[in-house]
There are 2 protein chains.
Amino acid sequence: MQGPATIRAVERTRHDYADVMEQLRARGLRMTPQRRAIVTEVMRTQGHIAPSMIARKVQGDMPGVNASTVYRTLTLLEEVGVLSHSHLETGAEYHMTDEAEHVHLTCGRCGKDDPLSLGEAHALQGLIRRHHGFEADLTHFAITGRCAGCAAAGA
Amino acid sequence: MQGPATIRAVERTRHDYADVMEQLRARGLRMTPQRRAIVTEVMRTQGHIAPSMIARKVQGDMPGVNASTVYRTLTLLEEVGVLSHSHLETGAEYHMTDEAEHVHLTCGRCGKDDPLSLGEAHALQGLIRRHHGFEADLTHFAITGRCAGCAAAGA
DNA sequence: GTTGGTGCAAAGGATTTGCAAGGTG
DNA sequence: CACCTTGCAAATCCTTTGCACCAAC
């Protein structure tokens, strides 16, 4: 599990089915109804969603879809570039690759999850690059801590 | 699973058994040989170690120790403040709380894991604080990306 | 018709829980 | 001796794999 590096400017078009199909076809792969259902579920989700949750939801809409199919599909769609995953406190979660353009600032006390702007993310990346030549992908792991409110509250 | 926030200057003494016992006793808890073995294993580890690995190693030295004891102990020692965990690409890993003073820069291609200095970490935290009032704990999640070498190599 | 995909079933591994027996302070 | 801890065993959960059948293109 390892995503692409750095945050790119948002210039690509958002993925839709045509897009997904194209990426699959380019590799001689097929767009099955199961895959369609899985992509739909991830697209419908604002933000990120856990694999096991995708499995449950997809099975809700389309009984008979096997969990193993879901896991295999997620892996495949990530290889193809349609999906990406990030690590949150609760585990790995998937999202459309082109929705990866934000960094999670998750409060460990109240659970609030603020996004970091592109500009701020770039500033952080620049700072890391300057000292290590390391190209950070801040979207891949969340950043935890205490939000302003909770920090003020003391905890 | 959620650790304390911010990176503190390293001024506290390193934990040793006396330290651990004190923290337990303060809560009316006991220092059993199993707990001693588990703490020993974590202290012996330079850096971080996964729960399942701790279980295996402890069982190696001290057959009969049950895995459930290990998991319960890790949770407890984290509540007490002796241990903390971080999230790396491979999952959660534990370490002595006072060894948490570094941020992981993990290369997703070659796997190299560089630490970020305290000063640099503070700079990043300052930047985040300025814009969001958010007190980031950069030690809790690793930062992935591409190390200088791999970034240059193109991948 | 090819070749990739899916369902099914089973395996695997990590982690949790209830409970009675055991050990620490 | 009281109460915390442990071992045991069972139960979950999530995820992976082998394989024969099925379907997309």
Side-chain angles (χ1 to χ4, degrees), chain A residues 1-2 17-18 20-41 48-80 82-83 85 87-94, chain B residues 1-2 17-18 20-41 48-80 82-83 85 87-94:
Chain A
M1 289 219 195
Q2 181 58 50
Y17 289 117
V20 176
M21 288 196 63
E22 184 190 314
Q23 306 219 39
L24 290 177
R25 200 169 311 175
R27 288 212 190 185
L29 304 174
R30 297 164 189 175
M31 181 54 112
T32 65
Q34 290 90 335
R35 288 180 180 173
R36 226 184 305 277
I38 292 166
V39 172
T40 298
E41 195 52 56
H48 38 76
I49 180 171
S52 54
M53 179 61 79
I54 297 175
R56 258 168 282 166
K57 288 199 166 188
V58 167
Q59 290 169 338
D61 296 356
M62 197 176 176
V65 176
N66 196 277
S68 62
T69 298
V70 174
Y71 288 102
R72 285 188 285 228
T73 300
L74 291 176
T75 300
L76 182 148
L77 291 179
E78 183 159 27
E79 286 171 7
V80 168
V82 174
L83 301 182
H85 74 270
H87 293 281
L88 307 187
E89 190 64 33
T90 44
E93 308 233 336
Y94 281 83
Chain B
M1 288 215 191
Q2 182 59 46
Y17 288 117
V20 176
M21 288 195 65
E22 183 190 314
Q23 306 220 39
L24 290 177
R25 201 169 312 175
R27 289 213 190 183
L29 304 175
R30 296 166 189 172
M31 181 54 113
T32 64
Q34 290 90 333
R35 289 180 180 172
R36 226 184 304 278
I38 291 165
V39 172
T40 298
E41 195 52 56
H48 39 75
I49 179 171
S52 55
M53 180 61 80
I54 296 175
R56 259 168 281 166
K57 288 199 165 187
V58 167
Q59 290 169 337
D61 297 356
M62 197 176 175
V65 176
N66 196 277
S68 62
T69 298
V70 174
Y71 288 103
R72 286 187 285 227
T73 299
L74 291 176
T75 300
L76 182 149
L77 291 179
E78 183 160 27
E79 285 171 8
V80 168
V82 175
L83 302 182
H85 75 270
H87 294 281
L88 307 187
E89 190 63 31
T90 45
E93 307 233 336
Y94 281 82

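Naming convention: chains lettered A, B, ... in sequence-line order (proteins, then strands); numbering from 1 in each chain. Note: hydrogens, waters and symmetry copies are ignored here, and every other heavy atom, side chains too, is used.
- Within 6.0 Å of atom CE in A/M62, more than 12 heavy atoms from other residues, nucleotides or ligands are found, so the atom counts as buried in its surroundings.
- The side chain of A/M21 approaches D/dC25 more closely than any other nucleotide in the set D/dC4, D/dC25, D/dT15.
- A/G28 comes within 4.0 angstrom of sugar-phosphate atoms only, judged by non-hydrogen atoms across all strands, and of no base.
- Considering only the side chain of B/R35, D/dT5 comes nearest among C/dC8, D/dG7, D/dT5.
- Taking every side-chain heavy atom of A/N66 into account, C/dG7 is the closest of D/dG7, D/dT16, C/dG7.
- Regarding contacts with the backbone of C/dG7, a side-chain N or O of A/Q34 is found under 4.0 angstrom from either OP1 or OP2.
- Protein atom CG of A/L24 is 8 Å distant from nucleotide atom P of C/dG5, rounded to whole Å.
- In this structure, CZ of A/R36 is placed 13 Å from C1' of C/dG5, rounded to the nearest angstrom.
- Between B/S68 and the phosphate of D/dG7, there is no side-chain N or O to OP1/OP2 separation shorter than 4.0 Å.
- Residue contacts for A/R56: at a heavy-atom cut-off of 4.0 Å it reaches the sugar-phosphate backbone alone, with no base atom in range.
- Heavy atoms of B/G64 sit under 4.0 angstrom from primed sugar atoms or phosphate atoms, though from no base atom.
- In this structure, the CG atom of B/L76 is 9 Å from the P atom of D/dT6, given to the nearest Å.
- OP1 or OP2 of C/dT6 has at least one side-chain nitrogen or oxygen of A/T32 nearer than 4.0 Å.
- The two atoms that bring B/Q59 and B/A67 nearest to each other are NE2-N, 3.5 Å, heavy atoms only.
- For the pair A/Q59 CD and D/dC14 P, the interatomic distance rounds to 11 Å; values are reported in whole Å.
- In this model, a side-chain donor or acceptor of A/R72 finds a partner on the base of C/dG7 within 3.5 Å.
- How far CZ of A/R25 is from CZ of A/R30: 12.0 Å, rounded to the nearest 0.5 Å.
- Between the CE atom of A/M31 and the P atom of D/dA23 there is a distance of 18 Å, given to the nearest Å.
- To the nearest angstrom, P of C/dG7 lies 9 Å from CD1 of A/I38.
- If you run side-chain contact (heavy atoms from CB on, under 4.5 Å) between A/V82 and each of A/L76, A/L74, A/V20, only A/V20 comes through.
- Distance B/E78 CD to C/dT15 P: 13 Å, rounded to the nearest Å.
- A 6.0 Å sphere centred on CE of B/M31 holds more than 12 heavy atoms belonging to other residues, nucleotides or ligands.
- Taking 3.5 Å as the limit, the base of C/dG5 and the side chain of A/R30 contain no donor-acceptor pair of atoms between them.
- Projected onto DNA chain C by closest heavy-atom contact, B/T75 and B/L29 fall at different nucleotides, the more 5' of which corresponds to B/T75.
- With rounding to whole Å, B/R25 atom CZ is found 16 Å from D/dC3 atom C1'.
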